[in-house]
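Chain identifiers are assigned alphabetically (A, B, ...) following the order of the sequence lines, protein sequences preceding nucleic acid strands; residue numbering begins at 1 within each chain. Everything quoted here is computed from the prediction, not taken from an experiment.
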There are 2 protein chains.
Amino acid sequence: MLSYTEENYLKALYHLMVEKDTKPEAGTNELAAYLGVKPATVNDMLKKLKDKKLITHERYGKIRLQTSGRKLAIEIVRKHRLWETFLYEKLDFNWHEVHDVAEQLEHIQSPKLIEKLDAFLNYPSFDPHGDPIPDKDGNMPKSQRRPLSKSVEGCRVVILGVSEHSELFLNYLSDNHIGLNDKFTVERITPFDETMRLSSKKNPDILVSNKAANKIQVTCLRSDCGCGKM
Amino acid sequence: MLSYTEENYLKALYHLMVEKDTKPEAGTNELAAYLGVKPATVNDMLKKLKDKKLITHERYGKIRLQTSGRKLAIEIVRKHRLWETFLYEKLDFNWHEVHDVAEQLEHIQSPKLIEKLDAFLNYPSFDPHGDPIPDKDGNMPKSQRRPLSKSVEGCRVVILGVSEHSELFLNYLSDNHIGLNDKFTVERITPFDETMRLSSKKNPDILVSNKAANKIQVTCLRSDCGCGKM
DNA sequence: TATAAAAGTTAGGCACATCTAACAAATTGT
DNA sequence: ACAATTTGTTAGATGTGCCTAACTTTTATA
């Protein structure tokens with residue numbers, strides 16, 4: 001049984017290594033900065049995780065997740081994203097409010113609870129931020145997601161998520177009535193600065209800068225619009 | 001902000017004092033036994049809770065909850081019972097499975113979460129065990145509940161809960177198809193040992209000993225059956 | 001009422017997760 | 001290539017929640 005803190009270290013390693021940069025290792029300082037603790041503290045914990053065979057790490061070397069550690073990390077990610085989905089879909093939380101509460105809920109120990117929650121939510125594949133939810137065997141659903149900026153004029157897209165989670169950005173999206181699962185048509189892309197003009201049922205004219213479009217993840221709803229392979 | 005452990009001490013005091021015996025104070029050993037720790041450990045914590053003005057306690061004296069401590073304890077009880085209700089009603093947990101998971105969930109810190117959960121469950125007044133759920137101001141709903149053993153022949157009753165939560169007893173109820181919110185008619189009470197013969201739609205003949213009937217909480221559905229004031 | 005039993009307290013210690021300060025190794029930049 | 005910078009490690013300390021062992025006060029009873 002892992003402590004609350006040990007779980008957080010594994011999850012942090014997973015995010016740093018597998019999700020952030022897709023490199024297979026991380027450093028002590030990097031991990032310390034990510035978790036908001038001092039490198040010395042990380043060192044103590046590395047020793048413990050190494051004893052439990054969850055990571056590999058030798059003096060002055062890089063940290064790697066072992067298979068068992070990665071498996072546990074994915075379980076925690078699964079719990080986190082299922083809870084976020086629950087909060088968003090069932091309890092009417094806003095997009096940017098779910099993370100902090102899910103951060104607590106992910107540590108609840110009860111395999112049955114997670115299975116039942118998954119079923120209750122109808123086995124969702126993506127959380128409210130559009131991030132993939134691993135299934136109970138740890139498999140990530142594959143998505144055809146891409147940044148909105150890759151779409152071309154005439155594309156019909158659905159919002160899958162975002163690649164930046166700052167409150168500033170999430171509020172920007174709210175203000176512009178861009179929400180998860182909303183559908184838009186790309187009406188026009190200004191050649192000079194690539195600002196996109198979108199339309200939706202609710203709002204026939206939304207301007208999105210290239211900077212924002214890069215951080216909005218979508219999937220294209222047509223196979224014939226020329227925006228590239230699905 | 002209270003720690004997980006501090007919260008558990010407050011809740012334990014509340015249960016010992018307010019619910020178990022309705023006496024306004026508790027002893028160190030009693031609390032230690034209830035929490036499964038040593039008296040010395042309790043002593044350390046009492047000091048901390050006293051410093052935070054949540055309890056009163058003087059050397060070799062009894063422990064009492066202060067108003068602020070009682071308020072916090074009731075909040076935790078509220079959270080616990082709302083989560084139990086959620087697990088039972090929405091996630092199909094069994095009656096006796098909800099407690100342990102709720103024990104973890106009750107410590108999640110998010111006022112909004114509890115408000116939303118309460119609304120999602122439609123502001124329930126009683127949890128799956130039939131225990132009252134305090135509202136957000138700490139008021140307990142009043143119930144007309146009484147032990148089944150107080151009912152008389154001809155009574156039509158609905159099961160509100162139980163006053164013993166052992167797995168043995170809960171299984172006894174399952175085996176006899178006695179569940180929360182089930183309705184029964186008291187057909188006959190054997191004069192010698194007060195064994196009750198009940199009938200329900202599902203099962204026309206259930207025998208319940210006086211011992212069990214004392215631990216089954218019901219409310220009477222008729223005002224004219226002579227079982228006493230509602 | 002004196003004493004045995006029960007209840008409560010204190011002192012000292014341990015594991016955990018954290019820190020600071022000092023040090024050691026590896027990387028980098030000229 | 002070696003000095004400066006970055007990165008990583010160690011030692012020693014702190015606060016929390018728990019323990020055991022020894023002690024003191026209260027209470028119950030012979």
**Q** Could you tell me the separation between the NZ atom of B:Lys62 and the P atom of D:dT25, rounded to a whole number of Å?
**A**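 Taking NZ of B:Lys62 and P of D:dT25, I get 17 Å after rounding.
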**Q** Can you measure B:Arg59 atom CZ to C:dT10 atom C1' for me and round it to whole angstrom units?
**A**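 Roughly 9 Å, once rounded to whole Å.
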**Q** Quick one: is C:dG8 close enough that its OP1 or OP2 comes under 4.0 Å of any side-chain N or O from B:Asn43?
**A**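 Indeed not, no polar side-chain atom of B:Asn43 lies that close.
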**Q** State, yes or no, whether a side-chain contact exists between B:Leu121 and B:Trp83 at a heavy-atom distance under 4.5 Å.
**A**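 They are not in side-chain contact.
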**Q** Which heavy atom in B:Met196 sits nearest to a heavy atom in B:Ala213, and how many Å separate them?
**A**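 Closest pair (atom of B:Met196, atom of B:Ala213, distance): SD-CB, 3.9 Å.
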**Q** Counting only N and O atoms by type, is there a donor-acceptor contact under 3.5 Å from the side chain of A:Asn176 to the main-chain atoms of A:Tyr172?
**A**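 The answer is yes, because a donor-acceptor pair under 3.5 Å joins these two groups.
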**Q** OP1 or OP2 of C:dA7 versus the side-chain N and O atoms of B:His57: is any pair under 4.0 Å?
**A**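 Negative; the distance criterion is not met.
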**Q** Would you kindly give the CG-to-P distance between B:Leu31 and C:dT9, to the nearest whole Å?
**A**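 Taking atom P of C:dT9 as the reference, CG of B:Leu31 is at 11 Å.
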**Q** With sequence neighbours left out, what residues match B:Glu194 under side-chain hydrogen bond (donor to acceptor under 3.5 Å, both in side chains)?
**A**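 Residues passing side-chain hydrogen bond (donor to acceptor under 3.5 Å, both in side chains) with B:Glu194: none at all.
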**Q** Under 4.0 Å between any heavy atoms, over every strand shown, what does A:Tyr9 touch: base, sugar-phosphate, or nothing? Just pick one.
**A**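 A:Tyr9: backbone/sugar contact only, no base atoms under 4.0 Å.
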**Q** Can you give me the N/O atom pairs linking the protein to nucleotides 19-23 of chain D at distances under 3.5 Å, or say none if there are none?
**A**
residue : atom : partner : partner atom : Å
D:dC19  : OP2  : B:Lys38 : N            : 3.0
D:dC19  : OP2  : B:Thr41 : OG1          : 2.5

**Q** Does A:Glu103 form a salt bridge (Lys or Arg N to Asp or Glu O under 4.0 Å) with A:Lys11? I'd like the steps, not just the answer.
**A** CA-CA 11 Å; A:Glu103 202 73 7; A:Lys11 191 179 57 142; 2.9 Å; yes
**Q** May I ask you to check whether A:Glu164 and A:Ser166 show a side-chain donor-acceptor distance below 3.5 Å?
**A**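 Checked: A:Glu164/A:Ser166 side chains pair up, N/O donor to acceptor below 3.5 Å.
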**Q** Return the value, rounded to whole Å, for the distance between atom CD of A:Glu58 and atom C1' of D:dT7.
**A**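 A:Glu58 atom CD is separated from D:dT7 atom C1' by 16 Å.
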**Q** Could you check how far CD of A:Glu30 sits from P of C:dA26, rounded to whole Å?
**A**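 Interatomic distance, CD of A:Glu30 to P of C:dA26: 19 Å.
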**Q** Could you check which of C:dG8, C:dT10, D:dC18 has an atom nearest any side-chain atom of B:Thr28?
**A**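 So the side chain of B:Thr28 is nearest to C:dG8.
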**Q** Tell me the interatomic distance from A:Leu46, atom CG, to D:dT10, atom P, rounded to whole angstroms.
**A**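 For the pair A:Leu46 CG and D:dT10 P, the rounded distance is 11 Å.
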**Q** Would you kindly give the OH-to-C1' distance between A:Tyr34 and D:dG8, to the nearest whole Å?
**A**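 Interatomic distance, OH of A:Tyr34 to C1' of D:dG8: 21 Å.
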**Q** Of the candidate nucleotides C:dT10, D:dC18, C:dT18, which contains the atom at the shortest distance from the side chain of A:Thr5?
**A**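 For A:Thr5, the side-chain atoms sit closest to C:dT18.
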**Q** What is the distance from NZ of A:Lys52 to C1' of C:dC16, rounded to the nearest Å?
**A**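 The distance from NZ of A:Lys52 to C1' of C:dC16 comes to 11 Å, rounded to the nearest Å.
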**Q** Under 4.0 angstrom, heavy atoms only, what part of the nucleic acid is B:Lys47 near: base, sugar-phosphate, or nothing?
**A**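 No contact.
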**Q** Quick one: is D:dG8 close enough that its OP1 or OP2 comes under 4.0 Å of any side-chain N or O from A:Asn29?
**A**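 A:Asn29 to D:dG8 OP1/OP2: side-chain N or O found under 4.0 Å.
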**Q** Taking the six-membered ring of B:Phe120 (Phe, Tyr or Trp), confirm whether the NZ or CZ of A:Lys90 is under 6.0 Å from its centre and within 45° of its axis.
**A**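 Verdict for B:Phe120: no cation-pi partner in A:Lys90.
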